[in-house]
Protein chains: 2
Amino acid sequence: MGTQLNSIESVKEYLIDKGINPSFQRLKIYEYLAKTITHPTVEMIFTELAKEIPTLSKTTIYNTLNLFQNSGIVSGLTIDANEIRYDPETRVHAHFKCFKCGSIFDIPVEPSYADMVIAEEHEVKERHFYLKGTCKNCLKAIET
Amino acid sequence: MGTQLNSIESVKEYLIDKGINPSFQRLKIYEYLAKTITHPTVEMIFTELAKEIPTLSKTTIYNTLNLFQNSGIVSGLTIDANEIRYDPETRVHAHFKCFKCGSIFDIPVEPSYADMVIAEEHEVKERHFYLKGTCKNCLKAIET
DNA sequence: GTATCTGCAAAACATTTGCAATTCT
DNA sequence: AGAATTGCAAATGTTTTGCAGATAC
């Protein structure tokens, strides 16, 4: 998972292991996701990587992220309409989105948490927990 | 909340109580939401209500739903990108969306559930729990 | 008669699709 | 050469915005 992949070499091995042909663009996109904690949108990924890869197109980013999602190594977060954010962390955790500054924070969850929703007889494959409100940074800014 | 509002009169009282001017369109939109368990999209609301109100426009539905959300009587569910679904139920509960048929089910949660995510020092105002997978109806269909 | 509400048409975005050019082996 | 990948341009689909006409008190 994301956090241990600090070199291009280890990203390469990781993608191969997941059955994904490690093209230059795919490596760079996964590497960027793995080192970024902000759960970026396609726009953010594009803006950042286009500095290094001037020929990069958003279509490739969309293609690549869809491929990553289908391979189960990235999940798409639809915390708000009109933007998908991408997360290379596949363990169960929650997300907090701040109304004011728009930041998204990872929030740890109790280990037993995931089991507390009884899904009747449905077969559950994904669990998403989103909290929204005002983040501690913005609260601090208001106080003063 | 939604479930007790079975007459136009009680919807009217409810909207007035929430500080919302109960226009004809607003009454009809809220009434429809309250009696519908499928968490409809704007498209679905439009298709259904346009039968009764031929002059109705989607703009009015968007305006009205945004108004309802700002007044806190409806919440918008962004379970998937590219569609917002609307829910007049404001108590904490989870939603299950079926990959196959697209249906959304309400799922009850343990009373203590909502407190199990520690949001550090963030001020939490909304909690969304989304499960995805294959619903029991689709599972049954596959068996046979 | 003035505020508000409605709804058409256009704009704004994010995402997907078709397809041609490019790259890799 | 052949298969996979990339990326431009156009299409799609949802939500928002500008504004003129209708409605209500």
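In what follows, every chain begins at residue 1, and chains take the letters A, B, ... in the order their sequences are listed.
- For B:S23, no side-chain nitrogen or oxygen approaches OP1 or OP2 of D:dT23 to under 4.0 Å.
- Closest heavy-atom contact between B:T78 and A:I79: OG1-O, 3.0 Å.
- With rounding to whole Å, B:N70 atom CG is found 16 Å from D:dT15 atom P.
- Side chains of A:S103 and A:K97: a donor-acceptor N/O pair is absent below 3.5 angstrom, by distance only.
- In this model, the phosphate group of D:dT5 is approached by a side-chain N or O of A:N21 to a distance below 4.0 Å at OP1 or OP2.
- Considering B:T41, B:L77, B:V42, B:T36 in turn, B:V42 is the only one that fulfils the side chain to side chain contact (heavy atoms under 4.5 Å, CB included) rule with B:Y86.
- D:dT16 atom C1' lies 15 Å from atom CG of A:D80, rounded to whole Å.
- In this structure, A:D80 pairs ionically with A:K132, as a charged nitrogen and a carboxylate oxygen lie closer than 4.0 Å.
- Taking atom CG of residue A:L67 and atom P of nucleotide D:dT5, one finds them 8 Å apart after rounding to whole Å.
- Taking the six-membered ring for Trp and the full ring otherwise, the centers of A:Y30 and A:Y14 sit less than 6.0 Å from each other.
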* Determine, stepwise, if the pair A:H122 / B:F105 fulfils ring pair (Phe, Tyr, Trp, His ring centres under 6.0 Å). => CA-CA 10 Å; A:H122 307 310; B:F105 300 85; 4.6 Å; yes

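- Phosphate contact (OP1/OP2 of C:dT6, side-chain N/O of B:N63, threshold under 4.0 Å): absent.
- Mapping B:L56 and B:A81 onto DNA chain C via the closest heavy atom, the residue that lands nearer the 5' end is B:L56.
- In this structure, A:Q25 reaches the D:dG7 phosphate: one of its side-chain N or O atoms is under 4.0 Å from OP1 or OP2.
- In this entry the distance linking NZ of A:K58 with P of D:dC8 reads 12 Å, nearest Å.
- We find that CD of A:E83 is positioned 18 Å from C1' of D:dG13, with the value rounded to whole Å.
- Within the structure, every side-chain polar atom (N or O) of A:Y62 is placed at least 4.0 Å from both OP1 and OP2 of C:dT16.
- Under 4.0 Å is where a charged nitrogen must lie from a carboxylate oxygen, and between B:E123 and A:K140 no such pair does.
- Across every strand in view, C:dT15 sits in a pair with D:dA11 that passes the Watson-Crick or G-U test at under 3.5 angstrom.
- For DNA chain D, none of the residues of residues 36-52 of chain B falls under the heavy-atom distance limit of 4.0 Å.
- For B:P54 and A:T59, each mapped to the nucleotide of DNA chain C holding its nearest heavy atom, the one lying further toward the 5' end belongs to B:P54.
- A:E9 CD to A:L27 CG: the interatomic distance, rounded to the nearest 0.5 Å, is 8.5 Å.
- Between B:N82 and C:dA14 there is no side-chain polar atom (N or O) within less than 4.0 angstrom of OP1 or OP2.
- In this structure, B:I16 atom CD1 and C:dT4 atom C1' are separated by 16 Å, rounded to whole Å.
- The CD1-P distance, from A:I53 to C:dT23, rounds to 14 Å in whole Å.
- Distances shorter than 4.0 Å separate some side-chain N or O of A:T60 from OP1 or OP2 on D:dG7.
- Computed from coordinates, the A:R26 CZ to C:dC24 C1' distance equals 12 Å when rounded to whole Å.
- Across all strands shown, the partner of C:dG7 is D:dC19, judged by Watson-Crick or G-U wobble contacts whose two distances both fall under 3.5 Å.
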